[in-house]
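In listed order, ligands and their atoms are each counted from 1. One-based numbering along the sequence shown.
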Amino acid sequence: MRAILRFRAGLVYPRPRMSSDALTSHLTESRRFEPSPEFRARARVKSLDEYQRLYRESLDDPRAFWERETSDLVFRTRATSTCDGAPPHARWFTGATLNLTESCLDRHLATSDRHKAAIIWEGEPEAGGRPVETRTVTYGELHREVVALAGALRALGVTKGDRVILDLGLVPEAAIAMLACARIGAVHGVVFGGFAVEALRDRINDCGAKVVITQDGAFRRGNVVPMKATVDRALEEAKSVEKVIVLPRLGAAHAPIALQPGRDLLWSDALALDPRGGAAPEIVDAEHPLFILYTSGSTGKPKGVLHTTAGYLAGAHVSTRYAFDLRPEDLFWCTADIGWVTGHSYVVYGPLSNGATVLMYEGAPNAPDPGRFWRIIERHGVTVLYTAPTAIRAFMRWGDQHPSACDLSSLRLLGSVGEPINPEAWVWYHTVIGKGRCPIVDTWWQTETGTIMMVTLPGATFGKPGSTGLPFFGVEPDIWRADGSSAAPNEGGKLVLKRHHPSMLRTIWGDDERYQKTYYSEFSGTYFTGDGARRDEDGYYWVLGRIDDVLNIAGHRVGTAEIESAVVGHPAVAECAAVGRPDELKGQALVVFVTLKLGHDAGPSMRESILEQVSRDIGKFARPDEVRFADALPKTRSGKIMRRFLKDIAAGRSATGDASTLEDLTVLAKLSANEE
Ligand code: WT7
């Protein structure tokens, strides 16, 4: 096992090209992992040829492609055209009218799926190796609750186009609330349950929400996170909100919920207002807003990414079916938080529109111990696991004994999303979790794209550790140089999407100018992703990191992802973030922040062997100037390292700027205190 995990043999390190403006790739992973013949035989797309055929059709005849692939969805009237106008303001499925919840709920009621589990849920608290609470919600039950909550919202005066903020954890009611909003044509904005008062207040004010749906508190790593109290304080400075619906989650052992008379009501009382009041869905146009999702921008002002109805549904529906090779008997577990776009598309809308069963787990992966995920998989027989590299590296750090103690034989497919997966983690995931049997589907996309844009399509394509594969149907990426010409194979450049896709964001809520400037000004009229990437000779894409984070070390432009991948290739390293610090001599000095696996000590010899590793893997020029050991790195709750804070710390400044999406505020203080 060690030998496999500490592979180096498959890596080829070309000499770095000298170049001052091109982004150069220094790490080349040459191994390929073919899907097993058994997997391939049963897959939806069985070969590269078949993928190419479908892909060509999606570009050459989008109308035929999207009509066929969405023919099982419910439209009240069908579209008269597929795509009108040009980006940044293209529109999809003109003429179509629908209510998206009919595709996610009503259509399943007419079949035996009515009694099928839509959601299997586990709460975080566990006793004696078993969850204290589990719940199964069938499609029939889900429909009933959505109709009742939609009725409540209507009774409270919420109408089509009104905004509702959902401040909920991973509980079935989060899905119910999202669907209830969609049922009446209201626009939901889900925010992380862990937000501080100011962050919540700013988001409520930005969209002018009429109603907030929250819970008293959530269980997180054995602690209680207060939520209703935070909402109360945020509402002192958010005057648009008329009503607050509160889900009691914590139970009788906790403080009673303080309800503000006339404003607040309990979930159960809301449901009793008009239990059938949502039976008739609001039928909306294809481009009616579905949700706003706030994502971190470079400034402090929240950036509300807006998605609309029919295009988003089409993207979520089709990508879930193909990317995860979904079948009716699957138990699909996407571990993302509901406040993240991944939770929208692959916990709620995509799986439910396909009539799948999703697993939802409320808590942390190490609550009460690092074996929790693997017990969940064994207990429920999860077949598809979709998680993030940051989680995978945490599992590696905690040790193989945890997954090895559980029966993971139900798994047939593994997915990854959120950042480039370093080959070390890829191989561990494949070997220790997938036992070499399960293809790994790496999925590249963004909050803005709404759904998966690039993928190592399982069954059809081979995997290359660290590559996010080929474009998904309807997607036409390219790598551009600064002058807008296409880069040569393996030449790094800016990742653009040349064609509008149904599930792309339509604007930034309340700030169309910022929308156009952020995404369509780098290359006029073409969507710029913000990522640096290269495309190899097989057409596979490799994301090198955010362009803003590209390092310029003595004239070499290097993506952070490559440095980090080299550092985490060190057997003692758990996690790493590479940032630049201004340096008079070199332009930028390279600083790497490192957390070690359990049982390894920081010290001069560790530092030296990490430096050696980078010199060997990438080149002497990339040898970090500084290695800083830390207990933890500052991350968003979706697991993204917040490099701008690390840049501040590396430069000896105090970390400033919007910290509202930071998962654990104490991490920053500890890092700053950890100066060398
Ligand atoms: C950014 C988007 C994907 C939805 C959730 C995160 C990076 C995402 C991959 C991947 C390499 C990836 C990119 C992208 N990213 N997935 N498979 N391989 N990089 O959404 O917070 O909007 O972040 O995450 O840099 O632009 P997000």
Side-chain angles (χ1 to χ4, degrees), residues 23 25 27 29 190 192 293-298 302-305 307 312 315-316 319-320 323 334-347 349-350 386-392 414-423 425-426 429 440-457 463-472 475 477 492 494-497 503-505 508 518-519 522 527-535 540-550 559-562 564-565 577 635-643 661-663:
L23 176 61
S25 182
L27 257 184
E29 164 69 52
V190 186
F192 284 139
L293 192 56
Y294 288 95
T295 175
S296 49
S298 46
K303 188 164 81 175
V305 166
H307 285 285
Y312 173 80
S319 63
T320 305
C334 164
T335 67
D337 194 281
I338 212 85
W340 190 21
V341 70
T342 314
H344 285 55
S345 304
Y346 301 109
V347 177
Y349 291 118
Y386 186 33
T387 193
T390 179
I392 297 167
L414 303 172
S416 174
V417 61
E419 59 179 303
I421 180 168
N422 53 296
W426 195 104
Y429 199 26
I440 293 183
V441 37
D442 190 334
T443 61
W444 178 94
W445 55 296
Q446 307 177 299
T447 305
E448 291 86 346
T449 69
T451 61
I452 292 167
M453 295 284 119
M454 288 196 275
V455 57
T456 47
L457 201 66
K464 296 190 191 190
S467 166
T468 187
L470 300 169
F472 188 65
V475 180
K494 294 178 175 169
L495 177 62
V496 298
L497 302 178
S503 71
M504 289 300 286
L505 85 162
I508 290 173
T518 309
Y519 305 107
E522 179 88 16
Y527 180 82
F528 173 46
T529 63
D531 282 358
R534 70 179 165 93
R535 186 174 44 209
Y540 274 52
Y541 285 81
W542 301 75
V543 174
L544 303 172
R546 303 290 295 173
I547 280 284
D548 294 346
D549 296 329
V550 165
T560 48
E562 292 199 321
E564 289 161 8
S565 182
K635 285 189 200 162
T636 64
R637 278 194 59 187
S638 59
K640 280 211 172 23
I641 293 170
M642 298 185 81
R643 286 198 183 73
T661 52
L662 191 64
E663 188 194 28

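Not a single ring-ring contact (aromatic ring centres under 6.0 Å, His included) links Y294 to another residue, sequence neighbours left out. By the ring-ring contact (aromatic ring centres under 6.0 Å, His included) test, W445 pairs with Y346, sequence neighbours left out. Contacts of T518 classified as side-chain hydrogen bond (donor to acceptor under 3.5 Å, both in side chains), with partners at least two apart in sequence or in another chain: none.
Checked by atom type, the side-chain pair D531/W444 shows a donor-acceptor distance below 3.5 Å.
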Check: every ligand 1 N/O to protein N/O pair under 3.5 Å:
from: ligand 1; atom 1: 15 (N); to: G418; atom 2: O; distance (Å): 3.3
from: ligand 1; atom 1: 16 (N); to: G418; atom 2: N; distance (Å): 3.1
from: ligand 1; atom 1: 17 (N); to: D442; atom 2: OD1; distance (Å): 2.6
from: ligand 1; atom 1: 17 (N); to: T443; atom 2: O; distance (Å): 2.7
from: ligand 1; atom 1: 18 (N); to: E419; atom 2: O; distance (Å): 3.4
from: ligand 1; atom 1: 19 (N); to: P420; atom 2: N; distance (Å): 3.4
from: ligand 1; atom 1: 22 (O); to: T447; atom 2: N; distance (Å): 2.9
from: ligand 1; atom 1: 22 (O); to: T447; atom 2: OG1; distance (Å): 2.7
from: ligand 1; atom 1: 23 (O); to: K640; atom 2: NZ; distance (Å): 3.3
from: ligand 1; atom 1: 24 (O); to: G418; atom 2: O; distance (Å): 3.2
from: ligand 1; atom 1: 24 (O); to: K640; atom 2: NZ; distance (Å): 3.2
from: ligand 1; atom 1: 25 (O); to: D531; atom 2: OD1; distance (Å): 2.9
from: ligand 1; atom 1: 25 (O); to: D531; atom 2: OD2; distance (Å): 3.0
from: ligand 1; atom 1: 26 (O); to: Q446; atom 2: NE2; distance (Å): 2.8
from: ligand 1; atom 1: 26 (O); to: D531; atom 2: OD1; distance (Å): 3.1
from: ligand 1; atom 1: 26 (O); to: D531; atom 2: OD2; distance (Å): 3.0
from: ligand 1; atom 1: 26 (O); to: R546; atom 2: NH1; distance (Å): 2.8

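The two residues A577 and E564 come nearest to each other via the heavy atoms CA-OE2, 3.4 Å. For M504 against T449, the heavy-atom pair with the smallest separation is SD-CA, 3.8 Å.
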